[in-house]
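Count residues from 1 along the sequence.
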Amino acid sequence: MIDFSPLWETMQKRKMTQYQLLKSGIDHKTLDTLKKNKNVTLVTLEKLCRILDCTPNDIVRFIE
């Protein structure tokens with residue numbers, strides 16, 4: 001199962017708000033998808049990494 005909890009923790013550490021993500025090119029639908037721990041594309045993952053200046057491990061984890 002995919003868990004985006006690390007994303008919210010990383011955002012908090014970097015003082016990044018959801019509004020700032022929206023202004024940086026992440027759309028409402030994608031933000032909703034992330035909140036529901038549903039799949040996102042690798043392009044989206046890359047975009048989040050660039051916005052937050054982090055690695056995929058700082059955004060997503062896989063749990064059984």
Item to check | Between Thr33 and Thr30, a side-chain donor and acceptor under 3.5 Å | outcome: no

Checklist entry - Between Glu46 and Arg50, does a salt bridge (charged side-chain N to carboxylate O under 4.0 Å, His left out) hold up when you go through it step by step? => result CA-CA 6 Å; Glu46 180 183 9; Arg50 288 178 190 261; 2.7 Å; yes

Item to check | side-chain contact (heavy atoms from CB on, under 4.5 Å) partners for Ser24, two or more places apart | outcome: Ile51

Item to check | Non-hydrogen side-chain atoms of Leu52 and Asp58 separated by less than 4.5 Å | outcome: no

Checklist entry - If you look at every heavy atom in Pro56 and Leu45, which pair is closest and at what distance? => result CB-CD2, 4.0 Å

Item to check | same_hphob_cluster(Leu42, Val60) at 4.5 Å side-chain heavy-atom cutoff | outcome: yes

Checklist entry - Which distance, rounded to the nearest 0.5 Å, do you find between the NZ of Lys38 and the NZ of Lys29? => result 10.0 Å

Checklist entry - Nearest heavy-atom pair of His28 and Leu22: which atoms, and what distance? => result CE1-CD1, 3.5 Å

Next on the checklist: Please give me the minimum heavy-atom distance between Gly25 and Lys47, naming the atom from each residue.
Outcome noted: O-NZ, 3.3 Å

Next on the checklist: With a 3.5 Å distance limit and no angle check, can you tell me whether Arg14 reaches the backbone of Cys54 through a side-chain donor-acceptor pair?
Outcome noted: no

Checklist entry - Quick one: do Phe62 and Trp8 end up in the same hydrophobic cluster if we chain Ile, Leu, Val, Met, Phe, Trp and Tyr together by side-chain heavy atoms under 4.5 Å apart? => result yes

Checklist entry - Can you name the closest pair of heavy atoms from Cys49 and Thr55 and give their distance? => result SG-C, 3.6 Å

Checklist entry - Do Leu48 and Leu34 have side-chain heavy atoms sitting under 4.5 Å apart? => result yes

Checklist entry - Mind checking whether Gln18 and Met11 have side chains closer than 4.5 Å, heavy atoms only? => result yes

Next on the checklist: When you measure from the side chain of Asn37 to the backbone of Asp3, do you find a donor-acceptor pair of N or O atoms at a distance under 3.5 Å?
Outcome noted: no

Next on the checklist: For the OG1 atom of Thr44 and the CG atom of Leu31, what is their distance to the nearest 0.5 Å?
Outcome noted: 11.5 Å

Checklist entry - Can you find a pair of side-chain heavy atoms, one from Ile2 and one from Val40, that are under 4.5 Å apart? => result no

